[in-house]
J.: 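Quick one: the structure is below, questions incoming.
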Amino acid sequence: MITIKKLSFRYEKVKVFDHFDLHVPEGQSCLITGINGVGKSTLLRLMAGVLEPDEGEVIYNPKMGDVPKQKIGFISDKLSIYESLTVSQGIDLHKSVYGISKFDDSLVKHTKIRMNQKIKELSIGQRTILLLSLILSSEPEVLLIDEIIHSMDAYLRKFFLEQLIDLLSQRSVTVIMVNVNFHDIEHMVDRVILLKDGKIAVDEAIDALKEKVKRVVSENLPGDLPILSQSGLPDRPDYFIYPFRDEFRRQINGEVVDLNLTEIVTAFIGGEYA
């Protein structure tokens, strides 16, 4: 659905990406993660067309039409849409820009947003739900989600994710998320991409990743195992192994533990800071 070829981008003198390649096929749900400042949000903005690459290109599937950016929904961490307008005025403007005849306001009503409220007066959660409603009204082929839902209250975050699950089940929408709460979205993710130094360090299907990352509790770990990171107490250390292979079990005198997505990403990030 989106292909990035030999993309380079920098903020003034700070290089973020250099000849970066990525392909996300139609209908895939993809999580992009990595340490702070690695370029996750920048990558989403490049995909959305908010930023232009210095070199290389972002290629969209021809089915997205002559103006592919209109088929991309971008839920940014900025939420600076139509702030000076009322909710009603913002909806009317959005309908006009995208040529939309009907707008489903059921999500807006569900979150008790009043049509005469100024958008800038809404809570972060309410603005996120409003933005999702606007995006869905234009029937996007691609949905890009930044880290904003961390700032939503528990109820609205759950409601937002329920709508996202609904969208994934009903249509073949390509969803690319950045560092969304891993526990909440684990069952939605097909693929995990870890960025490091402007490149892709890990690119795995989530089921394969769970097989390849394990926590090992052992006082005497064989020295030839690929240790990703380490945690725990000095007298009872935990080692995170990647890539893990079944034959390692015969070498290990200790416990091998399966991990969830949160623990896996934490292990990778811990290795970055070690």
J.: For Ser29 and Asp190, does a side-chain donor sit closer than 3.5 Å to a side-chain acceptor?
T.: no

J.: So, are Glu57 and Lys6 salt-bridged, with charged N and O less than 4.0 Å apart?
T.: no

J.: How close do Ser137 and Phe103 get, counting heavy atoms only, and between which atoms?
T.: CB-CD1, 3.7 Å

J.: Is it true that Glu186 and Lys210 make a salt bridge, defined as a side-chain N closer than 4.0 Å to a carboxylate O?
T.: yes

J.: Can you give me the closest heavy-atom contact between Leu44 and Ile145, atom names plus distance?
T.: CD1-O, 3.6 Å

J.: Parallel, tilted or perpendicular for Tyr155 and Phe159, by the 30°/60° rule?
T.: parallel

J.: With Leu194, which of Ile269, Val265, Leu209 fulfils side-chain contact (heavy atoms from CB on, under 4.5 Å)?
T.: Ile269

J.: Less than 4.0 Å between a side-chain N and a carboxylate O, is that true for Glu83 and Arg127?
T.: yes

J.: Going from CG on Leu143 to CD1 on Ile72, what distance comes out if it is rounded to the nearest 0.5 angstrom?
T.: 10.5 Å

J.: Dump the intermediate steps for side-chain hydrogen bond (donor to acceptor under 3.5 Å, both in side chains) on Thr3 and Tyr60, then the final yes or no.
T.: CA-CA 7 Å; Thr3 300; Tyr60 306 100; over 6 Å; no

J.: Under 4.0 Å between a Lys/Arg side-chain N and an Asp/Glu carboxylate O for Glu26 and Lys71?
T.: no

J.: Evaluate salt bridge (Lys or Arg N to Asp or Glu O under 4.0 Å) for Glu52 paired with Lys69, printing each intermediate quantity in order.
T.: CA-CA 13 Å; Glu52 294 292 333; Lys69 292 174 186 177; 3.5 Å; yes

J.: Side-chain heavy atoms under 4.5 angstrom apart, residues restricted to Ile, Leu, Val, Met, Phe, Trp, Tyr: same cluster for Ile227 and Val213?
T.: no

J.: Count the heavy atoms of every other residue, nucleotide or ligand shown that sit under 6.0 Å from NZ of Lys5, and state whether that count exceeds 12.
T.: no

J.: Kindly compute the distance separating NE2 (His23) from SG (Cys30), expressed to the nearest 0.5 Å.
T.: 11.0 Å

J.: Starting from Val16, can I reach Val50 by hopping between I/L/V/M/F/W/Y residues whose side chains sit under 4.5 Å apart?
T.: yes

J.: With rounding to the nearest 0.5 angstrom, report the OG to CD distance, Ser8 to Glu55.
T.: 4.5 Å

J.: Are any of the side-chain heavy atoms of Asp18 and Phe9 separated by less than 4.5 Å?
T.: no

J.: Ile4 vs Ile59, test: side-chain contact (heavy atoms from CB on, under 4.5 Å). Steps then yes/no.
T.: CA-CA 6 Å; Ile4 296 174; Ile59 303 168; over 6 Å; no

J.: Would Tyr242 and Glu204 count as having a side-chain donor-acceptor pair, cut-off 3.5 Å?
T.: yes

J.: Applying a strict under-4.5 Å side-chain criterion to I, L, V, M, F, W and Y, I'd like to know whether Phe20 and Val14 cluster together.
T.: no

J.: Would you mind reporting whether Val256 and Phe248 have side-chain heavy atoms less than 4.5 Å apart?
T.: no

J.: Kindly compute the distance separating CG (Leu134) from CG (Leu107), expressed to the nearest 0.5 Å.
T.: 10.0 Å

J.: Side chain of Gln126, backbone of Ser123: donor and acceptor closer than 3.5 Å?
T.: yes

J.: To the nearest 0.5 Å, what is the distance between OG1 on Thr174 and CE on Met1?
T.: 4.0 Å

J.: Grab the two heavy atoms, one from Ile185 and one from Leu261, that are nearest each other, plus how far apart they are.
T.: CD1-CD2, 4.2 Å

J.: Any donor and acceptor pair, going by atom type alone, linking the side chain of Lys40 with main-chain N or O of Ile35 inside 3.5 Å?
T.: yes

J.: Is it true that a side-chain atom of Asp54 and a backbone atom of Arg10 form a donor plus acceptor pair closer than 3.5 Å?
T.: yes

J.: Looking only at non-hydrogen atoms, find the nearest pair between Pro53 and Leu46 and report the distance.
T.: N-CD2, 3.7 Å

J.: Donor-acceptor pair, Gln117 side chain versus Arg114 backbone, under 3.5 Å?
T.: yes

J.: Do the side chains of Glu263 and Arg215 get close enough for a salt bridge, i.e. N-O under 4.0 angstrom?
T.: no

J.: Quick one: are Ile129 and His110 in side-chain contact, heavy atoms under 4.5 Å?
T.: no

J.: Check the pair Val175 / Val189 against side-chain contact (heavy atoms from CB on, under 4.5 Å), numbers first and verdict last.
T.: CA-CA 9 Å; Val175 178; Val189 174; over 6 Å; no

J.: Side chains of Ile193 and Thr33, heavy atoms from C-beta outward: is any pair under 4.5 Å?
T.: no

J.: Of all the heavy-atom pairs spanning Phe74 and Leu131, show the shortest one and how long it is.
T.: O-CD2, 3.9 Å

J.: For a side-chain contact (heavy atoms from CB on, under 4.5 Å) check, start with the C-alpha distance between Val142 and Val173, then their side-chain angles and the critical distance, and finish with the verdict.
T.: CA-CA 6 Å; Val142 177; Val173 177; 5.9 Å; no

J.: Got Asn61 and Ile2 here, is their nearest side-chain heavy-atom distance under 4.5 Å?
T.: no

J.: Would a 4.5 Å heavy-atom cut-off, applied to side chains only, mark Ser133 and Leu136 as touching?
T.: no

J.: Keeping Thr266 on the side-chain end and Thr262 on the backbone end, is there a donor-acceptor pair under 3.5 Å?
T.: yes

J.: Quick one: does Asp153's side chain have a donor or acceptor within less than 3.5 Å of a partner on Leu156's backbone?
T.: yes

J.: To the nearest 0.5 Å, what is the distance between CG on Leu122 and OG1 on Thr111?
T.: 8.5 Å

J.: If hydrophobic clusters are built by linking Ile, Leu, Val, Met, Phe, Trp and Tyr wherever their side-chain heavy atoms come under 4.5 Å apart, do Met64 and Tyr98 end up in the same one?
T.: yes

J.: Flag yes if Val202 and Ile200 sit in one hydrophobic cluster, no otherwise; membership is Ile, Leu, Val, Met, Phe, Trp, Tyr, and two members link when side-chain heavy atoms are under 4.5 Å apart.
T.: yes

J.: Between Asp258 and Lys214, does any NZ, NE, NH1 or NH2 come within less than 4.0 Å of an OD or OE carboxylate oxygen?
T.: yes

J.: For Asn116, look at atom CG and say whether over 12 heavy atoms of other residues, nucleotides or ligands are found less than 6.0 Å away.
T.: yes

J.: Test side-chain contact (heavy atoms from CB on, under 4.5 Å) on Arg191 and Asp203 and set out the steps.
T.: CA-CA 7 Å; Arg191 176 184 180 190; Asp203 185 353; 2.8 Å; yes

J.: Which pair of non-hydrogen atoms, one from Ser229 and one from Ala267, has the smallest distance, and what is that distance?
T.: OG-O, 2.9 Å

J.: Should Gln163 and Leu132 count as side-chain neighbours, where that means a heavy-atom distance under 4.5 Å?
T.: yes

J.: Looking at Lys196 and Gly34, would you say the former's side chain and the latter's main chain have a donor-acceptor pair under 3.5 Å?
T.: no

J.: Is there side-chain contact between Ile75 and Asp146, with heavy atoms separated by less than 4.5 Å?
T.: no

